[in-house]
Visitor: 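Below you will find the structure I want to go over with you.
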Amino acid sequence: MAILSVRLDSVRKRLGRNQALDGFATVFEAGRLHGIIGPDGAGKTTLLRHLVGLLRPDEGAVRWLSDGAPVEYPAVRDRVAYMPQTQSLYADLTVGEHLDFFAEMYALEDAFYRDRRAQLLRVTRLERFVDRPAGKLSGGMYKKLGLMCALLANPDALLLDEPTNGVDPVSRREFWELLMELLKARILILVATAYMDEAERCDRVHLIDRGRLLASGEPRALLQERGVRRFDDIFLAAEAAP
């Protein structure tokens with residue numbers, strides 16, 4: 001399995017009157033869980049859409065690397081899974097029917113699909129709900145189904161846009177436990193979230209506000225460096241700056 005990472009070099013993007021990304025530059029190293037942390041409207045979704053080629057920067061560049069070597073995004077597209085904030089699931093299809101549909105879309109071999117399906121149902125604890133329509137799942141189960149569909153093809157990079165938004169606290173905890181389990185395979189995981197408490201669960205955080213990168217680093221080290229106890233304080237200080 002190749003190791004994927006991605007680097008952004010001073011990416012700028014204007015959407016209408018809004019400077020959605022303003023010179024954003026950072027590196028998302030392979031084998032780590034990166035948190036893209038920021039309030040609503042900070043530019044998190046715009047950033048993820050640049051990473052998966054749905055948007056192109058006005059200035060700067062998004063550079064994917066495979067085993068450290070630069071590659072064009074089309075060369076790694078099949079190895080990158082993207083779970084958008086609004087998921088494309090079908091209310092009338094069951095959990096099992098969704099998995100069958102995405103397996104066919106990914107053109108997965110039958111033997112691989114059977115093993116992968118059983119594995120994902122087990123780790124998400126959805127085996128008992130395989131015949132339940134998506135429209136009748138709880139919020140947390142619905143998010144897990146979306147994650148399973150994204151993971152079916154065994155990607156090397158996983159990009160999640162606010163995966164726990166609107167989910168109850170217990171389901172949020174279970175979702176993060178699942179991400180930690182996935183991390184054992186040394187894939188690249190990016191999680192965009194507005195929940196400040198989720199920042200401390202990440203290997204590295206990238207704080208974003210009004211399209212600008214405020215800070216990056218290991219969560220506890222970053223708090224110590226800034227002399228604050230909470231990530232909210234970093235955002236408040238940025239708001240107060242001239």
Visitor: For R226 and D233: C-alpha separation, side-chain torsions, deciding distance, then whether side chain to side chain contact (heavy atoms under 4.5 Å, CB included) applies.
Guide: CA-CA 9 Å; R226 296 299 178 102; D233 296 326; over 6 Å; no

Visitor: How about R14: does its CZ atom have over 12 heavy atoms from other parts shown lying under 6.0 Å from it?
Guide: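 Yes, because the 6.0 Å sphere around CZ of R14 holds more than 12 heavy atoms from other groups.
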
Visitor: I would like to know whether V130 and L99 meet side chain to side chain contact (heavy atoms under 4.5 Å, CB included); could you show each step before the answer?
Guide: CA-CA 9 Å; V130 69; L99 296 176; 5.6 Å; no

Visitor: For the OG atom of S138 and the CZ atom of R132, what is their distance to the nearest 0.5 Å?
Guide: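 The OG atom of S138 sits 8.0 Å away from the CZ atom of R132.
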
Visitor: Hey, could you give me the CE/SG distance between M180 and C202, rounded to the nearest 0.5 Å?
Guide: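 If I round to the nearest 0.5 Å, the distance is 7.0 Å.
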
Visitor: Between Y73 and L51, does a side chain to side chain contact (heavy atoms under 4.5 Å, CB included) hold up when you go through it step by step?
Guide: CA-CA 9 Å; Y73 179 66; L51 296 181; over 6 Å; no

Visitor: D156 versus V76: any side-chain heavy-atom pair under 4.5 Å?
Guide: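 No; the side chains remain at least 4.5 Å from each other.
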
Visitor: Between L89 and L145, is any pair of side-chain heavy atoms under 4.5 Å apart?
Guide: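 Yes, close enough: below the 4.5 Å cut-off.
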
Visitor: So, do R204 and T26 sit near enough that their side-chain heavy atoms are less than 4.5 Å apart?
Guide: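 No - every pair of side-chain heavy atoms lies 4.5 Å or more apart.
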
Visitor: Under 4.5 Å between side-chain heavy atoms, hopping through other hydrophobics if needed: is there a path connecting I3 to V62?
Guide: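 Shared cluster, no.
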
Visitor: Kindly assign one of parallel, tilted or perpendicular to the pair Y90 and H98, based on the angle between their ring planes and the thresholds 30° and 60°.
Guide: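 Plane angle under 30°, so parallel.
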
Visitor: Taking the side chain as every heavy atom from C-beta outward, state whether L8 and F28 have any atom pair closer than 4.5 Å.
Guide: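 A side-chain contact under 4.5 Å exists here.
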
Visitor: May I ask you to decide if I36's main-chain N or O and K44's side chain share a donor-acceptor pair within less than 3.5 Å?
Guide: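 Checking the backbone N and O of I36 against the side chain of K44, no donor-acceptor pair under 3.5 Å is found.
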
Visitor: Flag the pair F24 / H206 as yes when their ring centroid distance falls below 6.0 Å, and as no otherwise.
Guide: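 No - the distance between ring centres of F24 and H206 does not fall below the 6.0 Å cut-off.
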
Visitor: Tell me the ring pair (Phe, Tyr, Trp, His ring centres under 6.0 Å) pairs involving residues 159-201, sequence neighbours left out?
Guide: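 Every candidate ring pair (Phe, Tyr, Trp, His ring centres under 6.0 Å) pair involving residues 159-201 fails, so no pair, neighbours aside, qualifies.
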
Visitor: Would you compute the distance between atom CZ of R117 and atom CZ of R122 and round it to the nearest 0.5 angstrom?
Guide: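 Going from the CZ atom of R117 to the CZ atom of R122 covers 13.0 Å.
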
Visitor: Just verifying a value: how many Å separate E239 CD and L214 CG, rounded to the nearest 0.5 Å?
Guide: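 Nearest 0.5 Å value for the CD-CG distance: 9.0 Å.
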
Visitor: Consider side chain to side chain donor-acceptor pair (under 3.5 Å). Of T86, D161, D40, which one does T45 pass it with?
Guide: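 The residue from T86, D161, D40 that satisfies side chain to side chain donor-acceptor pair (under 3.5 Å) with T45 turns out to be D161.
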
Visitor: Should L108 and I187 be counted in the same cluster of Ile, Leu, Val, Met, Phe, Trp and Tyr side chains packed under 4.5 Å apart?
Guide: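 Yes, one cluster joins them.
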
Visitor: Please round to the nearest 0.5 Å and tell me the distance separating atom OH of Y82 and atom CZ of R77.
Guide: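 That separation rounds to 14.0 Å.
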
Visitor: Look at the side-chain heavy atoms of Ile, Leu, Val, Met, Phe, Trp and Tyr, link any pair under 4.5 Å apart, and say whether L33 and L190 land in one connected group.
Guide: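 L33 does not cluster with L190.
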
Visitor: Membership question, hydrophobic clusters at under 4.5 Å side-chain separation (ILVMFWY): are I208 and V27 in the same one?
Guide: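 No: no chain of side-chain contacts under 4.5 Å links V27 to I208.
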
Visitor: Can you find a pair of side-chain heavy atoms, one from R12 and one from L21, that are under 4.5 Å apart?
Guide: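 R12 does not reach L21 side chain to side chain.
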
Visitor: So, taking the atom named CG in L178 and the one named CG in L151, what distance separates them when rounded to the nearest 0.5 Å?
Guide: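 Between L178 CG and L151 CG, I get 7.5 Å after rounding to 0.5 Å.
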
Visitor: Given side chains that start at C-beta, do those of L160 and T193 come closer than 4.5 Å, heavy atoms only?
Guide: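 Not touching, per the 4.5 Å side-chain cut-off.
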
Visitor: Quick check: do T94 and F129 have side-chain heavy atoms less than 4.5 Å from each other?
Guide: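 SC-SC contact between T94 and F129 ruled out.
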
Visitor: Would you say M105 and L159 are hydrophobically clustered, going by side-chain heavy atoms of ILVMFWY under 4.5 Å?
Guide: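 Different clusters: M105 never reaches L159 through Ile, Leu, Val, Met, Phe, Trp or Tyr contacts under 4.5 Å.
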
Visitor: Write down the atom of W64, the atom of V80, and the distance for their closest heavy-atom approach.
Guide: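 Closest approach of W64 to V80: CH2-CG2, 3.9 Å.
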
Visitor: Please report the shortest heavy-atom distance between D9 and R63, naming the atom on each side.
Guide: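 Closest heavy-atom pair between D9 and R63: OD2-NE, 2.7 Å.
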
Visitor: Would you say the side-chain atoms of Y106 and D78 include a donor-acceptor pair closer than 3.5 Å?
Guide: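 Per modelled atom types, Y106 and D78 side chains form no pair under 3.5 Å.
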
Visitor: Which pair of non-hydrogen atoms, one from V191 and one from I189, has the smallest distance, and what is that distance?
Guide: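 So the minimum-distance heavy-atom pair works out to CG2-CG2, 3.9 Å.
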
Visitor: Could you tell me whether the side chains of R116 and Q119 share a donor-acceptor contact shorter than 3.5 Å?
Guide: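 There is such a pair between these side chains.
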
Visitor: Check the pair D203 / E29 against side chain to side chain contact (heavy atoms under 4.5 Å, CB included), numbers first and verdict last.
Guide: CA-CA 10 Å; D203 295 322; E29 300 102 335; over 6 Å; no

Visitor: Heavy-atom distance under 4.5 Å between the side chains of L207 and L222, does that happen here?
Guide: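 In short, these two side chains touch, coming nearer than 4.5 Å.
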
Visitor: If you look at every heavy atom in S5 and L188, which pair is closest and at what distance?
Guide: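 Smallest heavy-atom distance, with atoms named: CA-CD2, 4.1 Å.
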
Visitor: Considering only NZ, NE, NH1 and NH2 on the basic side and carboxylate oxygens on the acidic side, decide whether D22 and R210 come within less than 4.0 Å.
Guide: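 No, this pair does not count.
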
Visitor: Where do L147 and M83 come nearest, in terms of heavy atoms and distance?
Guide: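 Scanning both residues, the minimum pair turns out to be N-SD, 3.5 Å.
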
Visitor: For R49, is the CZ atom crowded, meaning more than 12 foreign heavy atoms sit under 6.0 Å from it?
Guide: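 No.
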
Visitor: Using every non-hydrogen atom in the two residues, find where L152 and A103 come nearest and quote the distance to one decimal.
Guide: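 Closest pair (atom of L152, atom of A103, distance): CD1-N, 3.8 Å.
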
